[in-house]
Amino acid sequence: MSGKLSEKLLLYQAQTKRDPEAYAKLYDEYVKRIYRFVYFKVSNHEEAEDITSEVFLKAWDYLQEKKEIKSFAGFLYRIARNLIVDHYRAKTYKSETVITVTGEEATEAGDRGAWSEKIEIKIEAQGILQAIKKLKQEYQEVVTLRYVDELGIDEIAEITGKGKIAVRVTLHRALKKLEEIMEK
Amino acid sequence: MSKGILRQLKDLKSGEVNPRAEWMQTNRSVLLSQIKNTINPSESRQSTPKNIWEGLAIFFSPNTVNFALRPVAILLIVSLVLLTGKIATVDAAYEVLPGDLFYPAKRVVEKTQVAVVKIIGDKKTETKLHSEFAKRRASEANRMVVSGDAQKAEMVSQTLSDLKQELKSVDVKLDNPSDVTADVVREVKQNTEEIRNTLNQVKNNLIVDDGGKNLTQEVAAAKDAAKDTEMKAVQTMVDKHLQGDATVTKDEVKQVINDTLKNVVGEATESKQNAEDAKNVVEAVKTEVKDLTRNPVVGVEVASSTKALTEKISVAASEANDASVKTDALAKEVDKQALEVKALLSTDDLTEAVNKVKEAVENGKKAEQITDQSIANVQKVLPVMSVVVKDNVNTVVATSTNNIVITVSTTPVAKPILSTSTLNTNLVAPAVSSIVPSAMVSITTTPAITPPSVGSVSVNVAPAIQPAVPPEVLPVAPVINVPVKK
């Protein structure tokens, strides 16, 4: 609750007093979450970075226009979602590239035990990531918000603009679907 | 299996799917510099009332703010003000103007006071309150006009109608002399006098910049209402005396009638004077223009629009003349009535005296109306009188021509700029200043913009007939090129 209140205070400073520092604090708070949210939907880190920075810039512009904001988190996610849609519209001709493992691992080839363990986690992560990417948008969002970002149901409801019960149902179905995909 | 998936999902948070720390930092500074660019330092925001409510809307839902917090806040202030008593209200509330944060509170306090008094049935205090509030409205209107705040100026009209409303309430009370005591009537009389003076100030301030909003007329109407109420108060005093109210002595009544009379005579004289000044200004300008047309430059036909201008000015002049004659007659009438009143007073015929004063007041009102109209007319004409003369000093060398532009404008200018010209422009300036005391007059001579080397002379004539332009926008004179006979 106190976290929420301090967020509102920051929001107030950013919107009414136009305080960039307050906005920077909001950025610190949300950048990781938004980045992950975007990353699950686009193909690579570069695109995720671009879109994420655009999200925060756009959000600032909206704030300055004195638009009414109910929940800042929901507001950011909404902008992110729209930008992702725009992004795909702009590059429909490009096929989605498969996430490639960066070359970092090769340089660390020296210590074997750690390396093999790391690559295992990596492969496992790749698996779940691939599976998530195969889910439809709606499922993807709730699953990542709930289990990766570990948000509460009510927060997810706020972000997605659905009712709490709808979120629960979607989450349940999404998880089932994810299992199916993983088993294949 | 589900457990495994959940664990894997959780692991994602600390792994692959996170942004690079380095990017987060650089992006943060980029973002900061970008958003700093969007902030205009000149428009630093103050904590205006609007912003306060908007700010609150972040913490609570807008509905809560508008329908719960705002009324509650105002109610809180009202009750605080009521509790702390009159001392706090009078000074604090006095400064508040319509459009301010606490103005609604001020009005609510006033309404509450009236309501409380009404419930108690204290009609004396109720009358006093209404006249007091009317006085407040007048002073508000004055400060709003003086403030020069365009937003506030728009609300003046509302304030004036509130003022009239208050006066009406007073009138109703005065119609039942049994409801009021001599004290109350005295106070009403004094307040209406103050209202009249304040409204006079408002009118003077408006002469400078009445953006064609007819505010002057509204002020005049409010002033007339104040005069009516004042007259009613006088009447009530006389009635009270005649009915044998011991608190009102004959001498006092006579004194009051005399004072009122003096005011009426003074105002009538002022109206007459103003109308005459208006006439003089137009006359002066008319003479100038006539000189122009009578001595046309050799070989140059006087453009037809110059004639139209002359006609327009003639019309204005004759109107101003009419107004002057009428107000003069009215002022004389008022003077005559004043003598009659004095005669009636010496024979102690108070009822007749009051009736005569009433007539005089009516005449005074008429005179003022005529003068207001006349001044308005003159002001409409003045901005369009931009006359250009060709000073043909050397007819042989056509290129050495100078155009002299005389611009008579009602635009307030920081300092009057006076310069010599072949025309006796100095005559116009004092005349204009005398009618529009607060407006500065600028008379400038400008050199020819382009020497008419191709054998044509430019004669600039302001469009003769023009819709009422806001005084600050001077009409752009069309250039008429007339061929010169060589």
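All chains are named by letter (A, B, ...) in the order of the sequence lines, taking the proteins before the strands, and each is independently numbered beginning at 1. These values consider heavy atoms only, across backbone and side chains, with no hydrogens, waters or symmetry-generated copies. A quick note: this is a predicted structure, and the numbers were derived from the prediction, not measured.
A/W60 contributes atom CH2, which lies 4.5 Å from atom CD1 of B/I35 (distance to the nearest 0.5 angstrom). Atoms CG and CG, on B/L9 and A/L175 in that order, are 7.5 Å from each other to the nearest 0.5 Å. Distance check: B/N18 CG to A/R36 CZ gives 5.0 Å after rounding to the nearest 0.5 Å. In this structure, CD in B/Q25 is found 7.5 Å from CG in A/D28, a value given to the nearest 0.5 Å. Distance NZ/A/K25 to CZ/B/R28: 8.5 Å, rounded to 0.5 Å.
Only the side chain of A/F40 comes within contact range of chain B, with at least one heavy atom under 4.5 Å from a heavy atom of that chain.
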> Stepwise, does the side chain to side chain contact (heavy atoms under 4.5 Å, CB included) test hold for A/Y23 with B/L32?
Replying inline: CA-CA 8 Å; A/Y23 191 68; B/L32 260 177; over 6 Å; no
> Between A/E49 and B/N27, is a side chain to side chain contact (heavy atoms under 4.5 Å, CB included) present by the stated rule, with each step listed?
Replying inline: CA-CA 9 Å; A/E49 282 172 2; B/N27 189 46; over 6 Å; no
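Side chain of A/Y27 to backbone of B/M24: a donor-acceptor contact under 3.5 angstrom is found.
Other residues, nucleotides and ligands contribute over 12 non-hydrogen atoms within 6.0 Å of the CZ atom of A/R81.
Side-chain contact between B/V30 and A/F56: absent, with no pair of heavy atoms (C-beta onward) separated by less than 4.5 Å.
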